[in-house]
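Sharing a structure here in structure tokens format.
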Amino acid sequence: MDAFYASVELLRYPQLKGLPVVIGGGRRSVDEAIRHVPEGGTLADIPVEAFPRLRDYVGRGVITTATYPARQFGVGSAMGLMKAAKLCPQAIILPVDFEEIRKYSRTFKQVIREVAPLMEDRGVDEVYIDFTDVPGGQRDGGRSLARLIQKAILDATGLTCSIGVAPNKLIAKMASEFNKPNGISVVYEDDLQTRIWPLPCRKVNGIGPKADEKLKRFGIETVGQLAARERDWLIQNFGKSTGAWMHEVAWGRDNRPVVTESEPVSMSRETTFDRDLHAVRDRAELGAIFTHLCEKVAEDLQRKGYVGKTIGIKLRYDDFKIATRDQTIERHTADGKTIRQVGGLCLKRVPLERPLRLLGVRVGALAKAGSPEATAPAVVGPASRASAEAASATASLF
């Protein structure tokens, strides 16, 4: 989907179309801008001057997405809002409305399934689709079906998307970025050298900043330069698994199927604070945030029908170092109070002298609620009893 979070907001505020807009820095359930609705008017009647500007933002939030006019200033996803404010101070900033985002996400995915049922969900705004056996899927290299999907999504949601069509998931993902927004790019096997090899290595899904930096130190900046290196050389310098994988992707090889169903490994929630918080001085505030995160993870589990046994916490200190701890309990749970109690035990095992930038809660070892795995009786030995007794006590440090 094209600038998905921002595009959803532009449906609500059409007066912002064509303007630089960034989404991020927080979340909301009720839009504060509603207070500026003229009497007898609608959200579309709110004057542009009433919206907050990026130059006035103070905090540590990051950008979820930005409209294409904002991207022209170098603003992009995952960038700190304070940094973005220096690049595009005049941009309008809006927090995330997750309920609205989820609604549109469900809608566009249902539209796709009605046309091409073999769909792999890759998050709120992205999917893979297998065209192979869809009637007409091979016509015009897949372009005809891609156009049909684009139109169906636009008709149902008012939103645009960009589609990459290719022999495999690796190249299709890269191709989807070629012609944004509202574009279709078809890449054939014979196009590897002309269309894929000139791209920067960073365009390969799976090559992150650190790997890219290391490649550049070896003088490798493009996918073609990566393909020119021997497989054994890549293994020697990047390890057996990563080196072999790099060789395969540089040659456009990817045999992964489109997976229509997959079970989540864990669910988590985390938040970065607007200012550093200390476990002693800011105990009440941290406690409220911790409780909220545990409750939201519990809601996520219950909504999606899962329970978990391993509960963990994540801290990022003011020096950016990260600490994680987890504990496995005897029975699967999706209960917010239990998650908080066990998470509190984990907090007892980390140093809390330094101020904190981030706090997160995670539940892993998931099973479907009501499944034999989730309902199996716990085998409680002496150690398990001690763990259960500890979990039932007040455990949190804040």
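Worth knowing before you read on, the calculation uses all heavy atoms, side chains too, and leaves out hydrogens, waters and symmetry mates. The chain is numbered in sequence order, starting from 1.
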Just by modelled atom types, is the A367 backbone N or O under 3.5 Å from a matching donor or acceptor in the S371 side chain?
no

Check your understanding: Can you find a heavy atom in the side chain of T160 that is under 4.5 Å from one in the side chain of Q150?
Key ->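 With C-beta onward as the side chain, the pair stays apart.
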
In this structure, CD of E189 is separated from CD1 of I196 (nearest 0.5 Å) by 12.0 Å

> Is there a donor-acceptor contact under 3.5 Å from the side chain of Q15 to the main chain of P47?
Replying inline: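 The answer is no, because no donor-acceptor pair under 3.5 Å joins these two groups.
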
Does the side chain of L16 reach to within under 4.5 Å of the side chain of L19, using non-hydrogen atoms?
yes

task: Please collect all side chain to side chain donor-acceptor pair (under 3.5 Å) contacts where either partner lies in residues 45-55, sequence neighbours excluded, each pair once.
output: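 For residues 45-55, and leaving out neighbouring residues, the side chain to side chain donor-acceptor pair (under 3.5 Å) pairs sorted by first residue read T42-D45.
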
- Message: With a 6.0 Å cut-off (strictly less than), is the heavy-atom count around CG of D190, excluding the residue itself, greater than 12?
- Response: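 Not more than 12 within 6.0 Å, no.
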
Carboxylate-amine/guanidinium proximity below 4.0 Å for K296 and E299: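 Salt bridge: yes.
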
query: Do V58 and V75 share a hydrophobic cluster (ILVMFWY, side-chain heavy atoms under 4.5 Å, transitive)?
result: no

Margin query: Using a 6.0 Å cut-off, check whether atom NZ of K368 has over 12 heavy atoms from anything other than its own residue.
Written below: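 Counting neighbours around NZ of K368, more than 12 heavy atoms of other residues, nucleotides or ligands fall under 6.0 Å, so yes.
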
Under the criterion side chain to side chain contact (heavy atoms under 4.5 Å, CB included), I'd like the reasoning laid out for K173 against E126: C-alpha separation, chi angles, the key distance, then a yes or no.
CA-CA 10 Å; K173 166 75 172 173; E126 181 179 350; 2.9 Å; yes

What one should report as the nearest heavy-atom pair of A175 and V165 is CB-N, 4.4 Å

*asked:* For E221, is there any backbone N or O sitting under 3.5 Å from a side-chain donor or acceptor partner on Q225?
replied: yes

| Can you find a pair of side-chain heavy atoms, one from N168 and one from Y128, that are under 4.5 Å apart? |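 When only atoms from C-beta onward are counted, Y128 and N168 do not touch, as no gap falls below 4.5 Å.
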
Go through the steps to decide whether L54 and I92 satisfy the test side chain to side chain contact (heavy atoms under 4.5 Å, CB included), and finish with yes or no. CA-CA 6 Å; L54 191 54; I92 290 165; over 6 Å; no

**OP:** Examine V361 and I289 and state if one hydrophobic cluster contains both, with Ile, Leu, Val, Met, Phe, Trp and Tyr joined whenever side-chain heavy atoms are less than 4.5 Å apart.
**Re:**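 In one cluster with V361: I289, yes.
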
Open item on the list: To check you understand the geometry: which heavy-atom pair defines the closest contact between L301 and M267, and what is its length?
Closed with: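 Heavy-atom minimum between the residues: CD2-SD, 3.8 Å.
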
### Query
Is there a side chain to side chain contact (heavy atoms under 4.5 Å, CB included) between L358 and F273 once you walk through the steps?
CA-CA 6 Å; L358 174 146; F273 312 132; 5.6 Å; no

| query | Would a 4.5 Å heavy-atom cut-off, applied to side chains only, mark T65 and R71 as touching? | reply |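 Yes - at least one pair of side-chain heavy atoms lies under 4.5 Å apart.
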
Sub-3.5 Å donor-acceptor pair from the side chain of D140 to the main-chain atoms of G142, do we have one?
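Answer holds: no.
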
**Request:** With rounding to the nearest 0.5 Å, note down the distance linking CZ in F108 to CZ in R113.
**Result:**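 Answer rounded to 0.5 Å: 9.0 Å.
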
Taken to the nearest 0.5 Å, the spacing of R325 CZ from C346 SG works out to 9.0 Å

Applying side-chain contact (heavy atoms from CB on, under 4.5 Å) to D212 and not counting sequence neighbours gives C201, R202, I207, K216

> Can you check whether L192's main-chain N or O pairs, donor with acceptor, with Y188's side chain at less than 3.5 Å?
Replying inline: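 Looks like no, no N/O pair under 3.5 Å.
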
Does any part of the side chain of W233, heavy atoms only, come nearer than 4.5 Å to the side chain of H247, both counted from C-beta?
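No, too far: nothing below the 4.5 Å cut-off.
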
field: Under-4.0 Å salt bridge between E270 and R362
entry: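 Not counted as a salt bridge, because no side-chain N and carboxylate O are separated by less than 4.0 Å.
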
Is it the case that the side chains of T132 and D130 hold a donor-acceptor pair, with the cut-off being a distance below 3.5 Å and no angle test?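 Note: D130 and T132 side chains meet the donor-acceptor criterion.
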
| field | E9 side chain near V21 side chain, heavy-atom distance below 4.5 Å | value | no

For V134 and A116, the nearest pair of non-hydrogen atoms, with its separation, is CG2-CB, 3.9 Å

Legend entry - Charged N-O contact under 4.0 Å between R256 and D254: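 D254 and R256: salt-bridged.
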
ask   = Just checking, is any N or O donor in the side chain of S185 or N179 under 3.5 Å from an acceptor N or O on the other one?
value = no

Can you tell me how far SG of C161 sits from CD1 of I184, rounded to the nearest 0.5 angstrom?
->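 It is 8.0 Å, given to the nearest 0.5 Å.
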
Q.
Please give me the minimum heavy-atom distance between A244 and I235, naming the atom from each residue.
A.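 Taking A244 first and I235 second, the nearest heavy atoms are N-CG1, 3.7 Å.
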
The reported gap from CZ in F320 to CZ in R357 (rounded to nearest 0.5 angstrom) is 3.5 Å

- Name all residues meeting the side-chain contact (heavy atoms from CB on, under 4.5 Å) criterion together with K203; count only those two or more places apart in sequence or in a different chain, and write none if there are none.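 Counting only residues at least two positions away or on another chain, K203 forms a side-chain contact (heavy atoms from CB on, under 4.5 Å) with M174, L199, P200.
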
- request: May I ask you to decide whether D318 forms a salt bridge with R354, counting only side-chain N to carboxylate O separations under 4.0 Å?
  value: yes

Worksheet item: Y68 ring centre to K180 NZ or CZ under 6.0 Å, with the angle to the axis within 45°?
Response: no

**Q.** Shared hydrophobic cluster for I149 and V124 (ILVMFWY, side-chain gaps under 4.5 Å)
**A.** yes

Does D56, at its CG atom, have more than 12 non-hydrogen atoms belonging to other residues, nucleotides or ligands within less than 6.0 Å?
yes

(request) Verify the cluster assignment for I163 and L148: are they in a single hydrophobic cluster under the rule of side-chain heavy atoms below 4.5 Å apart? (result) yes

- Does the pair D282/R275 count as a salt bridge with the N-to-O cut at 4.0 Å?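 The answer is yes: the pair qualifies as a salt bridge.
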
- Residues K151 and D155 bridged, charged N to O under 4.0 Å: yes

Q. Under a single-linkage definition using a 4.5 Å side-chain heavy-atom cutoff for Ile, Leu, Val, Met, Phe, Trp and Tyr, are L145 and F178 assigned to the same hydrophobic cluster?
A.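 Per the 4.5 Å side-chain linkage, L145 and F178 are not co-clustered.
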
In short, F238 meets A211 closest at the heavy-atom pair CE2-O, 4.3 Å

Here the pair of heavy atoms bringing Q90 nearest to F73 is NE2-CZ, 3.3 Å

ask   = Salt bridge check: are R122 and E120 linked by an N-O gap of less than 4.0 Å?
value =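 So R122 pairs with E120 through a salt bridge.
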
Check: Just wondering, do L293 and T271 contact through their side chains at under 4.5 Å, heavy atoms?
Finding: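 A side-chain contact under 4.5 Å exists here.
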
task: Walk me through it: do S105 and F4 pass the test side chain to side chain contact (heavy atoms under 4.5 Å, CB included)?
output: CA-CA 9 Å; S105 180; F4 186 51; 4.2 Å; yes

Point to revise | Rounded distance (nearest 0.5 Å) linking atom OG of S268 with atom CD1 of I313 | key: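 Here the interatomic distance stands at 13.0 Å.
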
Any donor and acceptor pair, going by atom type alone, linking the side chain of N237 with main-chain N or O of L234 inside 3.5 Å?
no

**Asked** Can any side-chain N or O of S162 pair as donor or acceptor with the backbone N or O of N182 at less than 3.5 Å?
**Response**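 Yes, the answer is positive, given that a donor and an acceptor are paired below the 3.5 Å cut-off.
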
Side-chain donor-acceptor pair under 3.5 Å between T310 and T328, yes or no?
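Note: T310 and T328 side chains meet the donor-acceptor criterion.
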
**Asked** Would you say the side chain of L11 lies within less than 4.5 Å of the side chain of L159, judging by non-hydrogen atoms?
**Response**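 When only atoms from C-beta onward are counted, L11 and L159 do touch, with a gap below 4.5 Å.
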
Determine whether a donor-acceptor pair (N or O, by modelled atom type, separation under 3.5 Å) exists between the side chain of W197 and the backbone of A250. yes

Any donor and acceptor pair, going by atom type alone, linking the side chain of Q193 with main-chain N or O of G224 inside 3.5 Å?
no

